[in-house]
Amino acid sequence: MGCFCLDRLVLFMGPAALLGFLYLFFFTRFYFVPLFYLAWYVADIKTPECGGRRWNWVRKWSLWKDYASYFPVSLVKEADLDPKFNYFIGSHPHGILCSGAFCNFATEGTNVSKVFPGIRFTLTTLNCQFVMPLYREFFMTSGAVSASRKSIDYVLGSSCGGNAVVLVVGGAPESLDTHPNLDDITLILKPRKGFIRLALKHGAHLVPSFSFGENEVYDQVDNPRGSRLRNFQDYLQKLIGLAPVLIKGRGIFQYSFGIIPNRRPITTVVGKPIPVERTGNPSDEQVNELHSKYVSELVDLFERHKNKYYPPREHIKLKIL
Ligand SMILES: *[C@@H]1O[C@H](CO)[C@@H](O)[C@H](O)[C@H]1NC(C)=O
């Protein structure tokens with residue numbers, strides 16, 4: 001049971017390390033330790049854009065198996081992924097902390113390397129995950145890299161097959177629409193075309209994936225679109241990149257308040273790949289056509305599985321913005 005606290009404590013690792021280094025620098029004779037770290041930090045600043053620093057030993061920690069069995073998180077595939085090709089996996093919805101995408105693709109918590117033999121999964125995230133001292137080193141062991149064009153070019157351009165880049169397409173703005181027990185799940189997808197263009201450029205087959213239950217694990221303070229709170233959150237989100245979600249999870253010993261997620265199952269279904277021909281300089285028309293195809297495959301995937309993974313809510317549907 002102790003495990004589910006540990007993974008949330010990781011979120012405090014960055015600020016704690018920062019304070020620790022400041023303390024060492026100003027108040028002790030070990031001031032050289034933060035200086036050495038700073039030198040390393042500067043020399044290493046580009047690594048999250050250049051493939052990251054995966055450490056399979058950390059990905060296999062039993063902590064992640066405990067994390068997976070807490071909700072529980074599970075991984076379901078509709079088809080095999082042939083290691084002869086590269087893949088671009090769209091992950092939906094964002095949820096609050098991408099618990100499903102993280103557990104399935106950035107760790108071995110659900111045995112992803114056994115489910116998809118020969119495929120190396122790379123989760124892409126906001127660059128701000130790589131800013132905090134020590135936390136960035138820890139986070140990089142998962143194989144995660146930043147979600148920029150350059151970084152994705154690096155991963156998909158350096159091999160002809162066996163790589164799968166995972167992008168949480170809706171990004172931080174989508175997390176502001178994350179509330180449990182809704183009848184429609186909001187996905188921000190219409191303005192998101194960069195990943196389609198990148199898939200075409202690299203000839204990476206597009207794979208839709210949906211994490212059923214992702215939006216159920218945290219309760220968020222009510223913030224309907226147009227409310228004053230929501231306008232303020234949207235403003236802050238544009239300013240800092242991160243979405244300032246006000247979450248209500250459960251405490252450690254009580255259930256109404258806390259940052260611990262609720263124990264509700266998350267099932268990530270990875271769909272059938274959509275074949276993509278490598279296209280040097282795709283036209284807007286080609287991008288739009290593939291984008292529509294992707295969206296309709298994603299909706300089909302959702303419809304095929306929703307009754308199985310959302311038993312009490314048969315009217316649930318996707319709302320694509
Ligand atoms: C992962 O693999 C291990 C060893 O083969 C097995 O014991 C475990 O049940 C698997 N976990 C899942 C979630 O499939």
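Quick note: numbers below take in every heavy atom, side chains included, and nothing from hydrogens, waters or symmetry partners. Keep in mind that what you see is a predicted model, and the values were worked out from it rather than measured. Just follow the structure's listing: the first ligand is 1, and inside any ligand the first atom is 1.
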**Report entry** Arg264 to Tyr218, cation-pi by 6.0 Å centre distance and 45° axis angle
**Finding:** no
**Report entry** Residues Asp284 and Arg197 bridged, charged N to O under 4.0 Å
**Finding:** yes
Report summary line: In short, Phe121 meets Arg59 closest at the heavy-atom pair O-NH1, 3.8 Å
Report task. Run through ligand 1 for me and note each protein residue having a heavy atom under 4.0 Å from it, chain first, then residue number. Result -> Asn111, Lys114
Query - Exam field: side chain Gln286 to backbone Ser283, donor-acceptor pair closer than 3.5 Å - result: yes
Query raised in the report: What class does the angle between the rings of His291 and Phe195 fall in, given that below 30° is parallel, 30 to 60° is tilted and above 60° is perpendicular?
Result: perpendicular
Query - Which residues share a salt bridge (charged side-chain N to carboxylate O under 4.0 Å, His left out) with Lys60, sequence neighbours left out - result: none
